[in-house]
Every structure is written in structure tokens, then in C-alpha cells.
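Following: one structure in C-alpha cells, then a few remarks.
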There are 2 protein chains.
Amino acid sequence: MPQHSTSGEISLSVIKTACSNCNLRELCLPFGLNIEELERLDDLVSTRRRIKRGDHLYRAGEAFDAIYAIRSGFFKTDVLLEDGRDQVTGFQMAGELLGLDGISTEHHTCNAIALEDSEICAIPFSRLESLSREIHTLQHHFHKVMSREIVRDHGVMMLLGTMRAEERLAAFLLNLSQRFTARGFSHAEFYLRMTRDEIGSYLGLKLETVSRAFSRFQEEGHIAVQQKHIRILNVNGLKALMNHRS
Amino acid sequence: MPQHSTSGEISLSVIKTACSNCNLRELCLPFGLNIEELERLDDLVSTRRRIKRGDHLYRAGEAFDAIYAIRSGFFKTDVLLEDGRDQVTGFQMAGELLGLDGISTEHHTCNAIALEDSEICAIPFSRLESLSREIHTLQHHFHKVMSREIVRDHGVMMLLGTMRAEERLAAFLLNLSQRFTARGFSHAEFYLRMTRDEIGSYLGLKLETVSRAFSRFQEEGHIAVQQKHIRILNVNGLKALMNHRS
DNA sequence: GCGTTCGCTTGATCCAAGTCAACCACGATT
DNA sequence: AATCGTGGTTGACTTGGATCAAGCGAACGC
């Protein structure tokens with residue numbers, strides 16, 4: 001793992017990025033490619049960038065010309081309404097793509113902010129399109145990734161539209177747990193990278209409600225919470241909470 | 001306009017469908033293509049199908065192999081949870097695409113149901129992928145359409161996560177109005193194709209709440225409602241309702 | 001080491017929307 | 001014309017989560 005930048009700035013590095021030896025390749029865009037294809041993708045994904053905690057990867061309104069793969073770290077995306085209200089639309093971790101929303105208007109439609117010091121790979125979109133005209137597998141996988149994003153959003157709509165507070169939080173924790181597991185981390189123990197307020201914004205709840213739900217889950221023995229440190233003690237308990245109409 | 005099928009069944013017709021003389025082509029997939037490219041798309045979009053009001057175009061769980069363009073009519077998509085709760089994830093009208101969610105898992109993840117007698121064009125997905133490897137413009141436009149779907153979903157998340165009942169309904173009406181306008185219909189007068197219950201499901205509200213909000217809008221002179229017939233009397237009033245933190 | 005700040009927790013109160021229930025309007029059926 | 005069913009409206013009441021407010025603990029700057 002490379003060291004973090006010592007300067008306080010976003011740093012552009014010319015380190016040779018290589019999908020071919022990235023351990024996230026099976027989670028990320030290169031999924032399913034053979035060696036020769038991978039090397040062609042390497043040429044495309046040439047810039048890696050460090051984003052410090054709290055900095056923007058991009059902002060709503062900026063011109064879109066690349067999508068970003070998260071190499072390490074953790075992001076949130078959010079949308080701001082004219083009247084000041086905002087909503088977190090997602091949390092993204094290593095191996096996931098950012099910026100897909102920008103394709104439609106050629107401008108980013110949300111902000112992407114690092115929740116911890118992170119590293120991303122920039123993928124110039126027009127070059128991705130031309131490469132995917134040549135590599136069938138890449139094209140298809142990219143379509144799957146976009147479609148998966150749509151399905152994920154439907155899940156969030158379901159959550160916001162039909163679930164009560166505790167169900168939402170249970171669903172959220174189970175989803176995080178499952179994504180950490182896919183990345184080789186513990187499914188039962190992790191640190192939240194976001195605040196209660198950010199969780200609340202994502203789940204359509206106020207931070208106090210999130211906090212109370214955490215406390216309740218702890219009282220009932222489903223989890224152990226200590227600030228941002230979460231241990232899941234009873235997965236099935238959480239699953240049951242999620243499915244039962246009160 | 002073709003006549004409705006006289007049989008009670010979904011009918012498969014071999015009418016020569018042609019994007020090239022479809023008046024929705026500028027709203028739909030063919031956007032931006034030249035004549036020669038349009039003809040190649042015509043070959044691909046060969047099957048047109050009629051779906052009667054209340055019938056499914058596809059169901060969650062079915063194998064995915066095509067996306068669908070709505071030639072005429074009106075659809076809703078919904079997702080069903082194991083515990084019986086369901087949520088309408090969208091309403092689609094002529095020129096819009098259905099089925100994009102199925103790409104990710106190769107199975108449809110929601111149900112698509114006609115809210116009035118409708119006609120769709122089936123677009124075999126693997127053939128669309130190969131054609132878009134050859135036609136740059138088609139590829140790019142398809143990516144834009146998928147991305148637009150993601151942006152739309154973020155809008156719904158915003159609505160469900162941060163807006164109160166009347167704001168949601170105002171946003172919904174303005175969105176419908178805008179889409180009808182884009183199709184050459186009146187922006188101020190239209191018939192709702194869906195029930196109060198379906199609107200409520202989409203907006204994360206109960207049907208009674210939707211009904212009360214309609215009544216309130218009417219009392220305040222923003223709209224005139226008579227069952228499913230809506231006239232918008234004061235667009236700015238609705239817009240103001242949407243943006244103001246109470 | 002100490003004060004300040006930020007994020008989190010907890011309690012008391014309030015209110016928007018949900019729930020339950022009655023009733024109405026319009027179409028379809030006979 | 002009478003009946004039935006579905007969808008819509010409206011009222012009375014309840015409630016889950018928001019709001020307001022106080023206090024606490026960990027992290028950070030000086």
C-alpha cells in the first residue's frame with residue numbers, strides 16, 4: 001500500500017496504475033477480462049489520485065469526463081437542493097465506481113466527498129466507450145455495473161418508501177456488513193466512516209432517530225456500539241427486524 | 001393509431017416496426033442517429049407487442065433478454081418484498097425504456113404492468129450491445145439513457161428522504177406535466193393513469209394522504225381535480241410548494 | 001494540561017402522516 | 001332502474017419520528 005501524501009493538497013501522481021495487479025480487479029471494472037484485455041485497460045486507467053478526508057472528488061455542476069474507481073478509502077455522494085436541503089445518495093467503498101450519474105448530462109449531478117483518505121483511479125469516459133466497443137466483455141460488464149446501480153437505487157427507494165426507522169437502520173447495517181465481507185473484512189465488526197447525521201440523511205431520518213435506534217439495537221443485544229465501532233452480535237435478529245411488519 | 005387487439009390475450013404481431021418512421025424517435029433510443037444507422041436499428045427492433053391494461057410486460061424473476069421501448073401507453077414498475085410490502089418504483093410513458101434493471105443479474109428485478117392498453121417494441125439486448133459496438137452514437141446515447149435513469153432515481157430518493165407529503169405530490173405533478181409536454185400534450189391538463197394508491201406507493205405515502213393533498217391543492221386554487229382528471233391552474237404555486245421548507 | 005469543538009446520547013414535547021372507519025361517486029352488470 | 005364493486009373523499013383519533021434542549025465524552029489546537 002502506498003503511503004499517504006504528505007502535502008495537504010490533492011496530489012496527482014504518475015505512479016503506474018495497473019488494473020492487472022490490483023487486488024480489487026474482480027470487484028471492479030476489469031471483472032472477467034483476460035490478460036491481454038487487462039493490459040489494454042491498464043493503458044486507459046493511467047491516473048491515480050489521492051483524495052484527503054473531507055475533500056471533494058468532484059462537485060455537482062462540474063463538467064463530466066471521467067468515471068472513478070475507488071482503489072482504497074470510502075466516499076459519500078450527496079445532492080443539494082436549492083433551498084438548502086441535502087440528501088446523501090450513497091456510500092461507496094473500494095472497488096466501486098463513482099460518477100455514473102454524470103454521463104447523462106455531461107455534468108456531475110452530485111458531490112462526491114472522501115470520508116477517509118482515499119485513492120481513486122480516473123477512467124476517461126470517452127476512452128472507456130471506445131475500448132468497450134472493442135472488448136465485448138468490458139462493454140457487457142460496464143452495462144451490468146450501471147444496471148446494478150439502478151437496482152441498488154430501487155432498493156433505497158423501497159427502504160425510504162416502505163420501511164420504518166429501525167428496519168432502515170438494520171437494512172443499512174446488513175448491507176455494509178455484506179459489502180465489507182465481499183472485500184475480505186470481517187462481516188461482524190467494522191468502523192463506520194460516516195457520522196450519525198450522514199447515516200440519517202441517507203436513510204431519511206434525523207440523527208437523533210439513528211442514535212436511538214442504535215441504542216435500542218444494543219439494548220436488545222443485536223449489536224454492540226461504541227461510537228463508530230460496530231460489532232454485529234446477532235445477524236438473524238437484524239434480519240428479522242428488517243422483514244417484520246410491526 | 002392501431003386498433004386494440006380483439007382477443008383478450010397478449011398478442012405478438014409481425015407488423016413491420018420501424019424506428020425510422022416512429023414519431024417518438026427523438027425521445028427514444030434512436031435519438032441522434034442518421035438515416036443509415038436508423039435502418040440498422042429497425043432490423044433489430046423487429047417485434048412490437050400489445051399489452052392490455054392490467055397485464056404484465058414482465059415479472060420480477062423472469063429471465064432478461066430484451067429491453068422495451070414504449071410506443072404508446074403507460075406503465076408502472078413495482079418491487080415486491082418477501083413480507084408482502086410493495087413499492088411502485090416508477091411510471092413510464094411513450095418513448096421511455098423499460099427493463100434496464102434486468103441487465104445486472106440477467107433477471108428482471110421488478111414487475112412492469114400496463115396501466116392502459118399499450119404497445120411496446122422489444123429490443124433484444126445482446127443485439128443492442130453488438131449494434132452499439134458499431135454505432136458510436138447509439139452506444140453513447142444508450143449510456144446516457146441508463147445514466148438518466150440513475151439521476152431520476154436520485155431525484156426520487158431526494159423526494160422520499162427529505163420532502164413532506166404536499167411537496168412530494170407537487171413534485172410528482174410537475175414532473176408528469178413536464179413529461180406530457182415533451183410529448184406534445186397539454187402541460188396543464190391530463191388524465192392520471194394510476195390510482196391514488198399507486199401514487200401513494202410511489203411517493204411513500206398512504207392513499208388517504210394523497211387524496212387529502214389533492215383536496216388541499218384544489219382548495220388553494222393550484223389545481224382542479226375531478227377523479228383522475230387534473231388541470232394545473234397555477235404552476236408557480238406548485239413550484240413554490242415544492243421548494244419551501246415549511 | 002485545559003478549554004473548545006464536534007459528534008453522540010437521552011429526555012420531553014409536538015405534529016405530520018398513518019390508521020380506522022364511514023360514506024360517496026361512478027361504471028359495469030343484470 | 002337497482003345492485004355491486006372499486007376507487008376516492010373525509011373525519012376522528014393515534015403514533016412514530018421530528019424537534020427542542022440539555023448534557024457528555026473523545027479528539028484537537030494551543
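Just so you know, these numbers come straight off a predicted model, no measurement behind them.
As judged by a 4.0 angstrom heavy-atom cut-off over every strand, A:Gly204 is placed among residues touching the sugar-phosphate backbone only. Using a 4.0 Å heavy-atom distance criterion, B:Ser211 is classed as a base contact.
Counting to the nearest Å, the P atom of C:dG18 and the CZ atom of B:Arg85 are 14 Å from each other. Atom CD of A:Glu167 and atom C1' of D:dG16 are 12 Å apart (whole Å). With rounding to whole Å, A:Leu207 atom CG is found 9 Å from C:dT9 atom P. For the pair A:Tyr191 OH and C:dG7 P, the computed distance is 18 Å after rounding to whole Å. Remark: C1' of C:dT9 and CD1 of A:Ile199 are 14 Å apart, rounded to the nearest angstrom. Rounded to whole Å, atom C1' of C:dA28 lies 12 Å from atom CZ of B:Arg53. Rounded to whole Å, atom C1' of D:dG11 lies 19 Å from atom NZ of B:Lys206. Atom pair A:Leu115:CG and C:dG7:C1' shows a separation of 14 Å (rounding to whole Å applied).
Pairs engaging residues 189-198 of chain A under the salt bridge (Lys or Arg N to Asp or Glu O under 4.0 Å) rule: A:Lys76-A:Glu198, A:Glu116-A:Arg193 [sequence neighbours left out]. Legend: salt bridge (Lys or Arg N to Asp or Glu O under 4.0 Å) pairs involving residues 170-180 of chain B, not counting sequence neighbours, sorted by first then second residue: B:Glu96-B:Arg179.
Nearest to the side chain of B:Thr195, among C:dC8, C:dT9, D:dG8, sits D:dG8.
Residues that satisfy the side chain to side chain contact (heavy atoms under 4.5 Å, CB included) test with B:Leu80, not counting sequence neighbours, are B:Asp86. By the ring pair (Phe, Tyr, Trp, His ring centres under 6.0 Å) test, B:Phe64 is found to be paired with B:His108, B:Phe125, residues two or more places apart in sequence or in another chain being considered. Remark: B:Ser201 engages B:Gln87, B:Val88 in a side chain to side chain contact (heavy atoms under 4.5 Å, CB included) (not counting sequence neighbours). The ring pair (Phe, Tyr, Trp, His ring centres under 6.0 Å) check on B:Phe185 picks up nothing, with sequence neighbours excluded. In terms of the ring pair (Phe, Tyr, Trp, His ring centres under 6.0 Å) criterion, B:Phe75 has no residue partners (sequence neighbours excluded).
Phosphate contact (OP1/OP2 of C:dC8, side-chain N/O of A:Arg196, threshold under 4.0 Å): present. For the pair A:Thr209 and D:dG16, the criterion of a side-chain N or O lying under 4.0 Å from OP1 or OP2 is not met. The side chain of B:Ser215 places an N or O atom within less than 4.0 Å of a non-bridging phosphate oxygen (OP1 or OP2) of D:dT10. Side-chain N/O atoms of A:Lys228 include none lying less than 4.0 angstrom from OP1 or OP2 on C:dG7.
Toward the 5' end of DNA chain D, the nearer of the two residues A:Arg168 and B:Phe214, judged by each one's closest nucleotide, is B:Phe214.
In this structure, CD on B:Glu149 lies 6.0 Å from CG on B:Leu100, to the nearest 0.5 angstrom.
In plain terms, the two heavy atoms of A:Met242 and A:Ala170 that are nearest each other are CG-CB, 4.1 Å.
No donor-acceptor pair under 3.5 Å is formed between the side chain of B:Ser211 and the backbone N or O of B:Leu207.
With the end axes of the helix from C:dG1-D:dC30 to C:dT30-D:dA1 each set by five pairs, the angle from one to the other reads 40° at 10° resolution.
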Under 4.0 Å protein heavy-atom contact, by nucleotide of nucleotides 20-30 of chain D - B base, S sugar-phosphate only: B----------
